[in-house]
Amino acid sequence: MTDSQFLIPNSAPIVNLDCKSAWNGLNDKEKKYAHFLSRASWSGGLICLLQCSPESPIIFYLLQKLFRAQPVKEFGEAAKKICPEDWEAFMTYAAAFYANLGNYKSFGDTKFVPNLPKESFKKIVWASAAYGKDSTTIEKIWNACGDNMYSLEPVQKQMGLGDKGISTYFSGNCTLEDAELAQKFLNEKKISPYNTRLFKTIGDDEKPMYEVRLAASDSAGEGAPFGDFKFDGINFKVTQGDYGYLMSKAAENLNKAKEFAANENQSKMIDGYIESFTTGSIDAHKEGSRNWIKDKGPIVENYIGFIESYRDPYGVRGEWEGFVSIVNKAMSAKFSNLVDQSETLLSLLPWTADYEKDHFLKPDFTSLDVLSFASSGIPAGINIPNYDDIRQDDGFKNVSLGNVLSAHSKGDKITFLTEEDKKLFSSLKASAFEVQVGLHELLGHGSGKLFIKNKDGSFNFDPEVKNLITGEKISTWYLEGETWDTKFSTMASTYEECRAECVGLYLCLNRDILKIFGHEGEGADNILYINWLNMVRAGLLGLEFYTPETETWRQAHMQARHVILRVLLEAGQGLVTITRTTDEDGQPNAIITLDHSKIETVGKEAIGTFLRNLQVYKSTGDFVGAKAYYGQYSAVNDDTPEKFLNLREVVMLQKQPRRMFVQVNTKLSEGGSVELCEYEATATGIVESFIDRFSEAYESNVYDLWQKDKQHF
């Protein structure tokens, strides 16, 4: 019997990402701008399949063939005659695959397999009109993906590198040592890893040769940085052309969007993205990002490219992400007030001015309703771009995705809380999370300085500055060309998410901040309590995303929240308590409680000290110190009174399926206007949205890209 953690239950909630009201507020020009940006985002979105697993592209090809050949209802009627009890599970798998853009969960990076026998899945495929029309092709596709679709060999259970898991950012024969060697090469050549993959082949001389391939529509690879190189006696080749067709379609649609740009900043932004997607130049993407930052308060907001590095086992390569959204003016006004007070609020953080940016560049901070989000998952908020130099010198933007925050399904089960806490949690979680997202993105990711020694020997900081942990002069820093991601690599994402979460917890205790969000008096007290309660509960839930067999965490945010739970437990004095219980049906359970009266004393002191230390290690580039400090709270074993390894089994018994989103499409009518296409909040709705979203040309090219590189995996 398959372990439930690798299955998506039929009860998994499916919700609409509603944006109709926001869409109706756009004029015709804005709708066309949004439409072509959406097409560009989704054109690149299929890259996520190629970044997920070796079999994801071919599973996508199979599903598109099946559902394009006939209406879902008709297909279901035929399938139910053969496997009446398995059709729902078949549809749930298809919906989950589309929603995650691959067969690994976007949140947790574990594989999921169909919750029906393999033979039943095959029978359903054979019952399709697609099989009836072209049985040879469908059988060929099934033979190429069926075994891997169901395989749960240890290395295939989760994403990772080498024997730790699956990654298609690297060829299947790469190890952590190969990733480290390649990064040294990239550093020397000053090539950003964000839009690269690494392929290792063994020559006739039995020596390795590494290909660093940049995502681009061009493939000629002429001039710098392309060519053949020797590095430490090892052969390297830098090429372009990865995901070529998809990159070209993204650029093509961006060019169409440019015609409807509202201003010069938007036009220049698009020019930078087009050049980047054509040539593979990250510098061009940076230039586009600088113009994006200058585009203050647009009605239609977007960002696109290789953005977040959570899924790269080495932590430096970006997953494709393209989003298009529409401003929510009422909520954005609150965030604007927060931005206006940001410099004052930054001074409240538990470090000295030396550790803060010389000048805080006030960012755009808007609440947006998502029209399209083309990536493996959809966050609640974003702070971008991720380029350290731009963040320090030009600034950044924050966005809170309002319709993601508000989307929910009826009957969500709340675990691990007392009945009294459940009532307050249920009514205030959304409002508290809105506060946390705002503080996390603006003042969490937006705070703090990196200490850098420049190429000419000068520093961007006072060399006499003291280490706030030891009291001594600092002795470590970043060198020219080093970035946060490349220096901290595998732990950069979770560490930074933890730092930002701590900023949110620390600052939400300030009543003036809560007032900005409309919370005063007892209401403000309840909001900060639920925000802290949500965090410690999430720290417990986070154990689901720890893999004991490999002693690794699979999700950056959940590791961060578990670390915070451990810090607050360590604070003692009854601040946080975990009590083992038993359900009515005899299953082991647990209750986590938080002493409201001690949050602003014991809790604030513990989080303040921890947050200060995180910032010191980050600012000084002290990876060794950070790893030891953060690692002590990340370790999951039974050496503590809570016995977290054993407690994980309780968490797994109580785990709830994550929601899946149904996104809209837009289409040009014959008259030239843009129409919004909505779908029902069901597995069928998700499937139909993907069939409408992509033409057969996209499907064929995904197949060709899979065929081209399958020998590497």
Side-chain angles (χ1 to χ4, degrees), residues 51 160-162 167 169-170 174-198 200 210-215 225 229 231-232 234 236 238 276 280-286 289 305-319 321 383-394 396 445 448-455 459-461 474 476-500 556 614-628 630-631:
Q51 293 179 315
L161 193 52
S167 174
Y169 289 96
F170 302 86
C174 283
T175 63
L176 180 60
E177 290 72 24
D178 294 314
E180 290 171 343
L181 174 65
Q183 189 57 52
K184 290 175 183 176
F185 167 77
L186 292 170
N187 288 345
E188 181 179 276
K189 298 298 179 184
K190 293 183 170 51
I191 299 172
S192 170
Y194 265 115
N195 63 342
T196 69
R197 288 198 290 174
L198 183 69
K200 180 172 110 176
Y210 296 93
E211 179 192 359
V212 175
R213 193 189 300 169
L214 277 62
F229 305 91
F231 178 75
D232 284 354
I234 298 171
F236 274 84
V238 180
S276 178
S281 168
I282 288 295
D283 284 341
H285 193 267
K286 284 185 173 183
S289 298
F306 296 88
I307 314 300
E308 303 293 354
S309 58
Y310 301 127
R311 298 194 108 178
D312 171 16
Y314 193 65
V316 297
R317 289 162 184 81
E319 182 181 35
E321 180 179 298
N383 175 286
I384 38 182
N386 288 327
Y387 304 119
D388 291 337
D389 52 344
I390 292 182
R391 295 173 67 81
Q392 295 224 121
D393 299 336
D394 300 278
F396 52 89
H445 292 313
K449 178 177 181 175
L450 302 184
F451 295 159
I452 301 171
K453 182 178 182 180
N454 299 311
K455 194 173 184 179
F459 296 92
N460 75 335
F461 62 96
I474 69 166
T476 56
W477 42 75
Y478 297 80
L479 299 177
E480 176 81 13
E482 288 184 329
T483 68
W484 163 248
D485 278 337
T486 60
K487 185 106 176 172
F488 281 67
S489 64
T490 54
M491 68 177 288
S493 292
T494 181
Y495 189 99
E496 175 59 13
E497 294 303 334
C498 188
R499 194 184 68 86
L614 291 181
Q615 185 58 50
V616 170
Y617 289 125
K618 180 181 180 181
S619 287
T620 60
D622 183 2
F623 173 72
V624 174
K627 186 176 182 181
Y630 195 72

Does Asp232 pair with Lys184 as a salt bridge, N-O distance under 4.0 Å?
->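 Not counted as a salt bridge, because no side-chain N and carboxylate O are separated by less than 4.0 Å.
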Could you walk me through whether Arg213 and Arg197 pass the side-chain contact (heavy atoms from CB on, under 4.5 Å) test, one step at a time?
-> CA-CA 5 Å; Arg213 193 189 300 169; Arg197 288 198 290 174; 4.0 Å; yes
Applying side chain to side chain contact (heavy atoms under 4.5 Å, CB included), name anything that partners Lys487, two or more places apart in sequence or on another chain.
->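 Tyr478, Glu482.
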Listed partners of Phe623 passing side chain to side chain contact (heavy atoms under 4.5 Å, CB included), at least two apart |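 Phe623 satisfies side chain to side chain contact (heavy atoms under 4.5 Å, CB included) with Phe488, Met491, Lys627 once adjacent residues are dropped.
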Measure from the side-chain N and O atoms of [X] to the backbone N and O of [Y], and report whether any donor-acceptor pair falls under 3.5 Å.
X: Ser309; Y: Asp312; result: no
X: Asp485; Y: Val316; result: no
X: Arg391; Y: Asn386; result: no
X: Tyr630; Y: Thr494; result: yes
X: Ser276; Y: Ser281; result: yes
X: Asn195; Y: Gly280; result: yes

Run the side-chain contact (heavy atoms from CB on, under 4.5 Å) check on Tyr617 and Tyr495 step by step: do they pass?
-> CA-CA 10 Å; Tyr617 289 125; Tyr495 189 99; 3.2 Å; yes
Tell me the closest heavy-atom pair linking [X] and [Y], and the distance in Å.
X: Pro193; Y: Leu186; value: CB-CD1, 3.9 Å
X: Phe396; Y: Pro385; value: CA-CD, 4.1 Å
X: Phe170; Y: Ala179; value: CE2-CB, 3.7 Å
X: Ile384; Y: Glu308; value: CG2-OE2, 4.3 Å
X: Pro225; Y: Ile191; value: CB-CD1, 3.8 Å

Distance (rounded to the nearest 0.5 Å) between [X] [atom1] and [Y] [atom2]:
X: Ile474; Y: Asp622; atom1: CD1; atom2: CG; answer: 10.0 Å
X: Ile452; Y: Trp477; atom1: CD1; atom2: CH2; answer: 13.0 Å
X: Leu479; Y: Asn187; atom1: CG; atom2: CG; answer: 10.5 Å
X: Thr486; Y: Asp388; atom1: OG1; atom2: CG; answer: 8.0 Å
X: Cys174; Y: Leu198; atom1: SG; atom2: CG; answer: 4.5 Å

[X] side chain near [Y] side chain, heavy-atom distance below 4.5 Å:
X: Ser619; Y: Phe461; value: no
X: Ile282; Y: Phe306; value: no
X: Tyr314; Y: Glu180; value: yes
X: Gln615; Y: Lys449; value: no
X: Val212; Y: Phe185; value: yes

Stepwise side-chain contact (heavy atoms from CB on, under 4.5 Å) check, Asn460 with Gln392 | CA-CA 11 Å; Asn460 75 335; Gln392 295 224 121; 4.0 Å; yes
Mind running side-chain contact (heavy atoms from CB on, under 4.5 Å) on Phe229 and Glu188 for me, showing each step along the way?
-> CA-CA 11 Å; Phe229 305 91; Glu188 181 179 276; over 6 Å; no
Look at the aromatic rings of Tyr387 and His285 and report parallel, tilted or perpendicular, splitting at 30° and 60°.
->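 Rings of Tyr387 and His285: perpendicular, over 60°.
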